[in-house]
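Reviewing the structure listed below.
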Amino acid sequence: MTNKVTKAIFPVAGLGTRFLPATKSVPKEIMTLVDRPLIQYAIDEARAAGIKEFIFVTSRGKSALEDYFDRAPALEEELRDKGKTDLLEVLEHTYMDSGAIAYIRQHRPLGLGHAVWCARRLLGDEPFAVMLPDDVIAADTPCLQQMIEAYQETGGNMVAAMEVAPEKTSSYGILDVGDDDGQVVRARGMVEKPDPDSAPSNLAVIGRYILRPSVMQNLEHLRSGKNGEIQLTDAIAADSANGEQTHGFRFRGQRYDCGSKSGFLQATVAFGLARPELRDDLRQFISDMGQIERAAQ
Ligand code: UTP
């Protein structure tokens with residue numbers, strides 16, 4: 001088996017209920033941070049890490065996501081006529097090579113593990129990445145690239161990991177921590193969304209994974225787990241139980257949970273402040289808001 005990672009699965013078939021009513025007609029992954037949809041941040045991160053094939057697991061109502069990567073000839077012509085080459089470049093960046101992108105349907109939202117399993121026929125005997133676009137990670141070296149570099153040394157399975165407040169363990173997959181060298185952690189196992197009193201640690205799995213083909217095979221036989229869903233965490237834990245190594249990787253960067261309203265708003269502010277053309281106005285606005293809030297107290 002090669003240890004080169006060139007394929008990534010993007011499971012985007014969830015219902016996005018935390019953003020209703022918006023997600024009634026707009027896929028969560030198309031919602032924008034400043035001016036780019038969440039999915040573009042994930043694609044850019046995957047490209048930087050050397051991913052060549054992009055597999056989307058979609059569902060009913062996600063056609064805006066599929067259209068997003070298409071060429072837009074009428075718009076291009078209009079921009080060309082008006083000499084707007086900067087905007088043409090922006091568009092160019094959203095296009096994917098022919099054949100580089102595939103869409104698979106998950107017919108029912110049976111869980112993240114099930115969504116990943118839906119892509120099984122597009123993978124061979126090779127490791128693959130899984131990226132959840134609602135975890136947006138701002139980093140000097142993109143998170144998946146950091147992981148792939150570390151993975152060349154470790155092999156096995158690798159998950160992005162981050163310490164969370166102990167009372168938050170029930171929102172995450174949590175690692176049972178073995179040897180820990182600071183950046184790379186040997187995981188003895190992992191548990192999906194444990195209560196704080198039964199959690200093996202507070203080291204949580206974030207939405208970036210590099211997985212062995214055997215995890216896909218484990219998904220084949222998996223029954224539903226926590227919340228009645230087929231859990232990716234359980235398939236990785238089964239690999240560890242079979243003696244395969246799984247590592248947690250403490251990435252360098254700031255993660256925003258854009259699947260939650262609060263995380264999405266925080267990311268909007270942070271990515272806005274990171275834009276030179278927006279920074280001054282936004283900073284002034286935040287400061288004014290702070291003063292108004294304090295005066296009202
Ligand atoms: P979430 O747990 O955030 O669920 O899924 P969700 O449906 O997107 O959002 P809420 O909780 O209802 O607001 C994490 C990731 O797994 C995908 C989602 O699209 C998201 O990228 N997923 C989840 C699937 O593709 N299929 C599923 O059956 C479940």
Side-chain angles (χ1 to χ4, degrees), residues 7-33 37-43 45-46 51 54-66 68 101-120 122-123 128-137 143-144 159-160 162 164 168-174 190-194 204-209 211 215-216 219-220 222-236 255-267:
K7 295 186 181 180
I9 302 176
F10 299 81
V12 290
L15 297 173
T17 53
R18 282 170 289 173
F19 280 97
L20 279 171
T23 43
K24 202 169 146 231
S25 67
V26 181
K28 179 168 65 174
E29 302 73 25
I30 286 293
M31 297 196 335
T32 55
L33 287 180
L38 292 184
I39 195 65
Q40 186 70 55
Y41 290 90
I43 291 284
E45 186 181 328
I51 297 296
F54 304 79
I55 303 165
F56 286 85
V57 183
T58 70
S59 58
R60 204 181 150 75
K62 300 272 179 171
S63 48
L65 187 68
E66 303 189 9
Y68 174 75
I101 192 160
Y103 300 99
I104 291 278
R105 288 275 194 183
Q106 185 191 28
H107 291 104
R108 284 170 61 204
L110 296 178
L112 175 59
H114 182 264
V116 169
W117 178 77
C118 289
R120 66 198 177 283
L122 296 181
L123 298 168
F128 57 96
V130 175
M131 299 185 74
L132 306 190
D134 43 12
D135 271 333
V136 176
I137 301 172
C143 180
L144 190 65
V159 298
M162 177 183 115
V164 296
K168 294 274 167 76
T169 56
S170 57
S171 301
Y172 295 90
I174 298 290
M190 60 179 77
V191 195
E192 186 62 25
K193 301 188 171 68
V205 178
I206 302 304
R208 304 286 183 275
Y209 308 75
L211 300 175
V215 172
M216 196 59 100
L219 282 168
E220 191 85 35
L222 216 59
R223 289 165 196 275
S224 38
K226 192 86 183 184
N227 300 336
E229 295 187 341
I230 296 179
Q231 298 288 356
L232 185 58
T233 309
D234 293 344
I236 305 170
R255 172 254 184 181
Y256 297 95
D257 175 10
C258 292
S260 78
K261 286 175 222 180
S262 161
F264 191 91
L265 290 171
Q266 287 170 30

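Side chains are part of it too, since the values below use all heavy atoms of this structure and drop only hydrogens, waters and symmetry mates. Counting starts at 1 for both ligands and their atoms, following the listed order. All values reported here derive from a predicted model rather than from experimental measurement.
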Task: Region of Leu110 that comes within reach of ligand 1 [heavy atoms, distance under 4.0 Å] - done: backbone
Open item on the list: Please check if the number of heavy atoms outside Arg120 that lie under 6.0 Å from its CZ is greater than 12.
Closed with: yes
Task: atom 5 (O) of ligand 1 protein-contacted (non-hydrogen atom, under 4.0 angstrom) - done: no
Open item on the list: Less than 4.0 Å is my threshold; does some heavy atom of Lys28 fall inside it relative to ligand 1?
Closed with: yes
Task: atom 26 (N) of ligand 1: the protein heavy-atom neighbour that sits closest, reported with distance to 0.1 Å - done: Gln106 OE1, 2.8 Å
Open item on the list: Is it the case that ligand 1 has an N or O less than 3.5 angstrom from some N or O of Ala13?
Closed with: yes
TODO: Considering heavy atoms of the protein only, find what lies nearest to atom 21 (O) of ligand 1 and give residue, atom and distance to 0.1 Å.
DONE: Pro11 O, 2.7 Å
- [ ] Measure the distance from atom 3 (O) of ligand 1 to every protein heavy atom, then report the residue, atom name and distance (to 0.1 Å) of the closest one.
- [x] Arg18 NH2, 2.9 Å
Task: Nearest neighbour of atom 14 (C) of ligand 1 from the list Leu15, Thr17, Leu132, Val130, on a heavy-atom basis - done: Leu132
Task: Part of Ala115 within contact of ligand 1 (heavy atoms, under 4.0 Å) - done: side chain
TODO: Using a 4.5 Å cut-off on heavy atoms from C-beta on, say whether the side chain of Ile206 contacts that of Tyr172.
DONE: yes
TODO: Give the numbers and elements of all ligand 1 atoms closer than 4.0 Å to a heavy atom of Pro109.
DONE: 28 (O)
Task: Which atom of Tyr68 lies closest to which atom of Gln40, heavy atoms considered - done: OH-OE1, 2.6 Å
Task: Criterion side-chain contact (heavy atoms from CB on, under 4.5 Å) against Leu211, the qualifying member of Leu123, Leu219, Leu232 - done: Leu232
- [ ] Please list, chain by chain and in numerical order, all residues satisfying side chain to side chain donor-acceptor pair (under 3.5 Å) with Ser25, sequence neighbours excluded.
- [x] none
Task: Of all pairs that satisfy side chain to side chain donor-acceptor pair (under 3.5 Å), the ones with a partner from residues 15-24, not counting sequence neighbours - done: none
Task: Among Leu112, Val215, Ile9, the one residue meeting side-chain contact (heavy atoms from CB on, under 4.5 Å) with Tyr209 - done: Leu112
Task: Contact atoms of ligand 1, heavy-atom distance to Asp134 under 4.0 Å - done: 3 (O), 20 (C)
- [ ] May I ask you to identify the nearest protein heavy atom to atom 28 (O) of ligand 1, giving residue, atom name and distance to one decimal place in Å?
- [x] Gly111 N, 2.8 Å
Task: Protein contact of atom 16 (O) of ligand 1 - nearest heavy atom, named by residue and atom, plus distance - done: Leu112 CD1, 3.6 Å
Open item on the list: Let me confirm one number: the CZ-CE distance from Phe128 to Met216, rounded to the nearest 0.5 Å.
Closed with: 4.0 Å
TODO: Look at the aromatic rings of Phe19 and Phe264 and report parallel, tilted or perpendicular, splitting at 30° and 60°.
DONE: perpendicular
Task: Winner among Gly14, Ser171, Gly16 once heavy atoms are compared against atom 9 (O) of ligand 1 - done: Gly16
